[in-house]
Protein chains: 2
Amino acid sequence: MGRRSDHTPQQLRDLLIDHGHKLMAEVGYARFSGREVAKRAGYSVGTIYNVFGSLDGLLSAINTRTFGLWAQHLQGALATAGHDRIASLVRGYFSFALENPNVWSAIYDHRLPDGQSLSPADLEGRALLTSIVEQEVRKALPDTVDLDLARYSRSLIASVHGHCSYVVSGSFALLDETDPVGSALDRVRESLSVHQNAQ
Amino acid sequence: MGRRSDHTPQQLRDLLIDHGHKLMAEVGYARFSGREVAKRAGYSVGTIYNVFGSLDGLLSAINTRTFGLWAQHLQGALATAGHDRIASLVRGYFSFALENPNVWSAIYDHRLPDGQSLSPADLEGRALLTSIVEQEVRKALPDTVDLDLARYSRSLIASVHGHCSYVVSGSFALLDETDPVGSALDRVRESLSVHQNAQ
DNA sequence: CCTAAAAATGAACACTGTTCAATATAAAAA
DNA sequence: TTTTTATATTGAACAGTGTTCATTTTTAGG
């Protein structure tokens with residue numbers, strides 16, 4: 001076959017990402033299969049390579065979609081937040097991961113081969129999440145604070161991420177950790193308080 | 001063949017873990033192969049299943065060995081530490097990961113199938129690391145501090161872990177993060193300072 | 001209607017994890 | 001010493017994987 005008229009190139013791209021994302025949510029990174037994605041989309045294996053160049057390309061696109069959903073989730077949490085927006089942010093970070101463990105984990109499970117890096121489109125699709133956090137961190141600190149806010153925000157994200165990844169991977173379950181979200185939030189608050197009170 | 005006399009059961013176990021750990025260091029989790037481990041050890045595929053029950057069993061054992069080496073690395077760092085033992089600990093955490101990225105990442109890449117959990121032997125082999133940190137955190141705080149030190153130590157580990165995993169996975173490289181170890185240490189110090197000064 | 005360009009295919013290849021009947025070996029019994 | 005028994009080891013078989021690419025099908029333009 002060739003040049004079927006049932007999908008434009010863009011539609012085909014989206015279709016494969018749709019089915020890929022669903023499959024990832026169902027079975028997780030370890031059981032993910034490119035062949036299965038093609039089958040579900042009604043195309044054959046080779047099409048993935050025509051459209052994305054490689055399986056890594058599809059996986060990157062799937063994960064970029066997850067970043068988008070995650071950013072939406074955070075914006076939803078902030079929209080209904082009270083005065084403590086930082087708490088809403090941290091809770092939103094965790095709740096997305098816990099509600100979507102397979103696609104969330106896939107973000108960190110997938111690593112590009114040495115030398116390769118994400119496409120500009122993928123990078124752009126993932127930047128929103130960081131910028132949301134940075135905006136809230138800025139609001140939480142006095143204008144006079146002497147900090148590289150981009151760097152500092154990424155560091156806070158890293159702290160929360162560490163807690164979250166222990167929860168999702170199950171390392172914390174074993175240790176009877178009852179409130180990992182609370183611990184993460186405590187660490188963030190401690191750091192913010194240091195910089196709020198600095199002169 | 002059967003009952004070869006060139007290795008005792010324990011020696012065979014260790015031999016497979018040796019070669020498995022080396023292969024993991026060379027190629028990383030994604031390219032790891034049980035067949036290849038067996039071949040290098042001079043045995044056939046089935047032997048892995050005889051000895052470890054499953055490939056997950058071998059992978060768990062390999063990762064437990066990594067935990068052991070990591071704990072040794074931290075003890076080495078503490079042995080030559082000056083007055084700032086917390087800094088040595090955080091730097092040791094990072095330097096092990098950066099010097100052994102493949103085996104370090106494999107700890108988090110490998111996840112047991114749903115319902116399965118680590119053997120008691122594996123759990124015990126991994127506990128040392130946490131206990132080393134807990135001991136140092138205890139030393140860094142006044143005896144009067146009102147904290148669950150086990151929980152609190154795990155939370156600090158999670159914070160450092162988050163920074164470290166961003167470095168090893170390359171997420172931070174992209175963002176021109178020049179000093180992730182410094183950021184991690186800053187967050188730890190901020191938290192400790194809050195509890196050192198509390199009354 | 002014909003042709004040229006492009007999209008879609010799927011067989012082929014080299015790998016993977018896992019199982020398990022068959023086999024080779026060592027230790028125990030005769 | 002020979003025979004038997006128990007068990008450690010094997011590797012073919014199976015069902016899957018990612019990746020390539022010559023072949024085929026379809027569409028669009030002349």
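Proteins come first, then strands; the chains are lettered A, B, ... in the order of their sequence lines, and each starts at number 1. Side chains are part of it too, since the values below use all heavy atoms of this structure and drop only hydrogens, waters and symmetry mates.
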[X] [atom1] to [N] [atom2]: how many Å, rounded?
X	N	atom1	atom2	answer
A:His7	D:dT27	NE2	C1'	16 Å
B:His110	C:dG17	NE2	P	12 Å
B:Asp6	C:dA24	CG	P	17 Å
A:Ile48	C:dA7	CD1	P	17 Å
A:Tyr43	C:dA7	OH	C1'	9 Å
B:Leu55	C:dT19	CG	C1'	14 Å
A:Phe52	D:dG18	CZ	P	14 Å
B:Lys39	D:dG11	NZ	P	13 Å

A:Leu59 near the nucleic acid: base, sugar-phosphate alone, or nothing, with a heavy-atom cut-off under 4.0 Å?
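The residue A:Leu59 makes no contact with any strand.
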Criterion side-chain hydrogen bond (donor to acceptor under 3.5 Å, both in side chains) on A:Glu190 and B:His195, from CA distance to verdict
CA-CA 9 Å; A:Glu190 285 162 359; B:His195 296 288; 2.7 Å; yes
Between [options], which nucleotide gets closest to the side-chain atoms of [X]?
X	options	result
B:Tyr49	C:dT18, C:dA8, D:dT19	C:dT18
B:Leu12	D:dT9, C:dT18, C:dA8	D:dT9
B:Arg35	D:dG11, D:dA13, C:dA8	D:dA13
A:Ser33	D:dG18, C:dT16, D:dT9	D:dG18

Test log, rule side-chain contact (heavy atoms from CB on, under 4.5 Å), inputs B:Trp70 and B:Asn100
CA-CA 10 Å; B:Trp70 197 7; B:Asn100 310 276; over 6 Å; no
Take the C1' atoms of the five end pairs on each side of the helix from C:dC1-D:dG30 to C:dA30-D:dT1, derive the two axes, and give their angle rounded to 10 degrees.
20°
Looking only at atom types and distance, does a side-chain atom of B:Asn63 sit under 3.5 Å from a main-chain N or O of B:His110, one as donor and one as acceptor?
no
Pairwise 5' ranking along DNA chain D for A:Phe32 and A:Asn50, keeping only the more 5' one
A:Phe32
Residue mapping more 5' on DNA chain D - nearest nucleotide basis, B:Gly46 or A:Asp56:
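Nearer the 5' end of the strand: B:Gly46.
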Please determine whether a side-chain nitrogen or oxygen atom of A:Thr47 lies at a distance below 4.0 Å from atom OP1 or OP2 of C:dT9.
yes
hydrophobic_cluster_shared for A:Tyr49 and A:Leu58, side chain cutoff 4.5 Å
yes
Distance-only side-chain donor-acceptor flag, B:Ser119 / B:Asp122, under 3.5 Å
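The answer is yes; a qualifying pair exists.
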Using heavy-atom distances to pick each residue's nearest nucleotide on DNA chain C, tell me which of B:Gly34 and A:Ser44 is more 5'.
A:Ser44
Going by ring-ring contact (aromatic ring centres under 6.0 Å, His included), name the residues that satisfy it together with A:Tyr108, two or more places apart in sequence or in a different chain.
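So A:Tyr108 forms a ring-ring contact (aromatic ring centres under 6.0 Å, His included) with A:Trp104, A:His161.
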I need the minimum non-hydrogen distance between B:Val168 and B:Ala97, along with the two atoms involved.
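Closest heavy-atom pair between B:Val168 and B:Ala97: CG2-CB, 4.0 Å.
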